[in-house]
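The block underneath contains the structure these notes are about, expressed in structure tokens.
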Amino acid sequence: MNILRVLLMMFVTMWGLGLCESPAFSRPLTEDTAEAYLGRPWVSHPLAESSPPGLDCTTYVGEALAERYENPGVALNYIRYKDGAPGFFNRNHFMEEMWIPNALRNGIIAPITLPGASESSMEVDLAEWYRDNPEIVVKDAAYYAQANAQKRFTVSIPYISAAQVNEELLKKLPEETVVFFLRRYPESPYRWLLNDNAVMVTHMGFLFGGRRLYHASYGQKQVIREDFSGYLQAHPGVRGVAFYEIIVKNADNGLF
């Protein structure tokens, strides 16, 4: 038995024991998975060390998506962090510039192209945002050194205006999608948001059948299910939405 065969047998054995840290292949997201989170409390900054147990819209979507993989913990790291390496400065804080590109790069989601799309616009001083971030309770010199090294960025993503959302459009969507909600700020409310009239992602959730919206609601302080069109009507400040298909990984399209 040559050395390559021995190594192969060792790898197969370790894989069967779950010792190889790979997220492996994924299954379709089911509505049952999203529904299992209903009633879980909404909290601000759920990943902060001092935070009580709970979820915000981003951690809810990430955790539910990770459940599709054979190794959810590893998959969640790849969803939440750059290159799957946990750390505050590796975390995908901004949807347009971090979370969405990371998910596209790792084959977690794919864009859904719809006619008549507009482009969002956001310009951020990332160093300023990091310096102001309340998640870090003890901010030492090393934190400020990393924060100050961050660069400004300008980014945009295609989105459909809320006025364009109708029954015909919703029927064309896949059965399960990730939906991002964008709002326009008439003035820069934050020091790190450099441009006035910025359009940026402020919320996210799952949409099933073009109708059933699952999301961690700030208003109701828990994960809820509600009618998607009803949500848009109740939130006139929503400028538009961006839809992304949830990708199933298999032996043909590889792993992370």
**Prompt:** Is there a side-chain contact between Tyr185 and Val199 (heavy atoms, below 4.5 Å)?
**Reply:** no

**Complete:** The reported gap from CD1 in Ile157 to OG in Ser118 (rounded to nearest 0.5 angstrom) is 11.5 Å

**Item:** side chain to side chain contact (heavy atoms under 4.5 Å, CB included) between Tyr69 and Val74, intermediate numbers included
**Value:** CA-CA 9 Å; Tyr69 293 86; Val74 174; over 6 Å; no

**Asked** Within a strict 4.5 Å, meaning less than it, do heavy atoms of the Lys221 and Pro41 side chains meet?
**Response** no

**Message:** Could you measure the distance from the CD atom of Glu187 to the CG atom of Asp196? Nearest 0.5 Å is fine.
**Reply:** 6.5 Å

**Item:** side-chain hydrogen bond (donor to acceptor under 3.5 Å, both in side chains) against Glu35, all qualifying residues, sequence neighbours excluded
**Value:** Arg225

**Asked** Minimum heavy-atom separation for Ala242 to Leu182, with atom names?
**Response** N-CD1, 4.1 Å

**Smallest separation among heavy atoms of Glu63 and Leu76, with atom names** = N-CD1, 3.9 Å

**Asp56 versus Pro46, closest heavy-atom pair with distance** = OD2-CD, 3.4 Å

**Message:** Show the nearest heavy-atom pair for residues Leu193 and Val124, with the distance to one decimal.
**Reply:** CD1-CG2, 4.3 Å

**Item:** Close side-chain approach of Ser51 and His45, heavy atoms under 4.5 Å
**Value:** no

**Message:** Does Arg105, at its CZ atom, have more than 12 non-hydrogen atoms belonging to other residues, nucleotides or ligands within less than 6.0 Å?
**Reply:** yes

**Request:** Kindly give the heavy-atom pair with the smallest separation between Tyr78 and Asn102, and that separation in Å.
**Result:** O-ND2, 2.8 Å

**Message:** If you count heavy atoms of other groups shown closer than 6.0 angstrom to CZ of Arg211, is the number above 12?
**Reply:** no

**Message:** Using ring centroids (six-membered ring only for Trp), state whether Tyr37 and Tyr214 fall under 6.0 Å.
**Reply:** no

**Asked** Taking all atoms of both residues into account, what is the closest heavy-atom pair of His203 and Ala216, and its distance?
**Response** CE1-O, 3.2 Å

**Message:** Under a 3.5 Å distance rule, please check whether Glu226 uses its side chain to pair with a backbone N or O of Arg212 as donor and acceptor.
**Reply:** no

**Request:** Answer whether the closest heavy-atom distance between the side chains of Thr177 and Glu245 falls below 4.5 Å.
**Result:** no

**Message:** Main chain of Arg152, side chain of Asp125: is a donor-acceptor contact present, judged purely on distance under 3.5 Å?
**Reply:** no

**Message:** Could you measure the distance from the CE atom of Met98 to the CG atom of Asn92? Nearest 0.5 Å is fine.
**Reply:** 7.5 Å

**Prompt:** Would you call Ile108 and Ile79 a side-chain contact if the rule is heavy atoms closer than 4.5 Å?
**Reply:** yes

**Prompt:** For the ring pair His93 and Trp99, is the centre-to-centre distance below 6.0 Å?
**Reply:** no

**Prompt:** Within a reach of under 6.0 Å around CD of Glu168, are more than 12 heavy atoms found that belong to other residues, nucleotides or ligands?
**Reply:** no

**Item:** Carboxylate-amine/guanidinium proximity below 4.0 Å for Arg91 and Glu135
**Value:** yes

**Prompt:** Any side-chain heavy atom of Gln222 within less than 4.5 Å of one from Ser217?
**Reply:** no

**Hydrophobic cluster (4.5 angstrom, side-chain heavy atoms) - remaining members for Phe243** = Ile112, Leu114, Ile160, Val165, Leu169, Leu170, Leu173, Val179, Phe181, Leu207, Leu213, Phe228, Tyr231, Leu232, Val238, Val241

**Asked** Can you tell me how far the CD1 atom of Ile100 sits from the CE atom of Met95, to the nearest 0.5 Å?
**Response** 7.0 Å

**Request:** Apply side-chain hydrogen bond (donor to acceptor under 3.5 Å, both in side chains) to Arg27 and list each qualifying residue two or more places apart in sequence or on a separate chain.
**Result:** none

**Prompt:** Would Phe180 and Tyr159 satisfy side chain to side chain contact (heavy atoms under 4.5 Å, CB included), going step by step from the backbone distance to the final call?
**Reply:** CA-CA 9 Å; Phe180 298 90; Tyr159 71 96; over 6 Å; no

**Tyr190, Phe89, Phe94 screened by ring pair (Phe, Tyr, Trp, His ring centres under 6.0 Å) with Trp129, the one that passes** = Phe94

**Prompt:** Hey, does Met122 have a side-chain heavy atom less than 4.5 Å from the side chain of Thr154?
**Reply:** no

**Request:** Give the intermediate values and the outcome of side chain to side chain donor-acceptor pair (under 3.5 Å) for residues Glu119 and Ser156.
**Result:** CA-CA 6 Å; Glu119 287 287 328; Ser156 66; 3.0 Å; yes

**Request:** Test Glu96 against Met200 for side chain to side chain contact (heavy atoms under 4.5 Å, CB included), laying out the working first.
**Result:** CA-CA 8 Å; Glu96 295 94 333; Met200 59 186 292; 3.5 Å; yes

**Item:** CA sep, side-chain torsions, deciding dist, call: Val248, Arg68, side chain to side chain contact (heavy atoms under 4.5 Å, CB included)
**Value:** CA-CA 9 Å; Val248 177; Arg68 302 161 54 236; 4.1 Å; yes

**Message:** Aromatic contact between Tyr60 and Phe206, with the criterion being ring centroids under 6.0 Å apart: yes or no?
**Reply:** yes

**Request:** Ignoring hydrogens and angles, state whether a donor on the side chain of Asn148 or Arg131 is under 3.5 Å from an acceptor on the partner side chain.
**Result:** yes

**Message:** Using only atom types and a distance under 3.5 Å, with no angle test, would you say the side chain of Asn90 pairs donor to acceptor with the backbone of Tyr81?
**Reply:** no

**Prompt:** Between atom CZ of Arg40 and atom OG1 of Thr59, what is the distance when rounded to the nearest 0.5 Å?
**Reply:** 8.5 Å

**Request:** Please confirm whether the backbone N or O of Glu167 pairs with a side-chain atom of Lys172, one donor and one acceptor, at under 3.5 Å?
**Result:** no

**Gap between atom CD of Glu175 and atom OG1 of Thr30 - 0.5 Å precision** = 11.0 Å

**Item:** Check: Leu55 and Val43 side chains under 4.5 Å, non-hydrogen atoms
**Value:** no

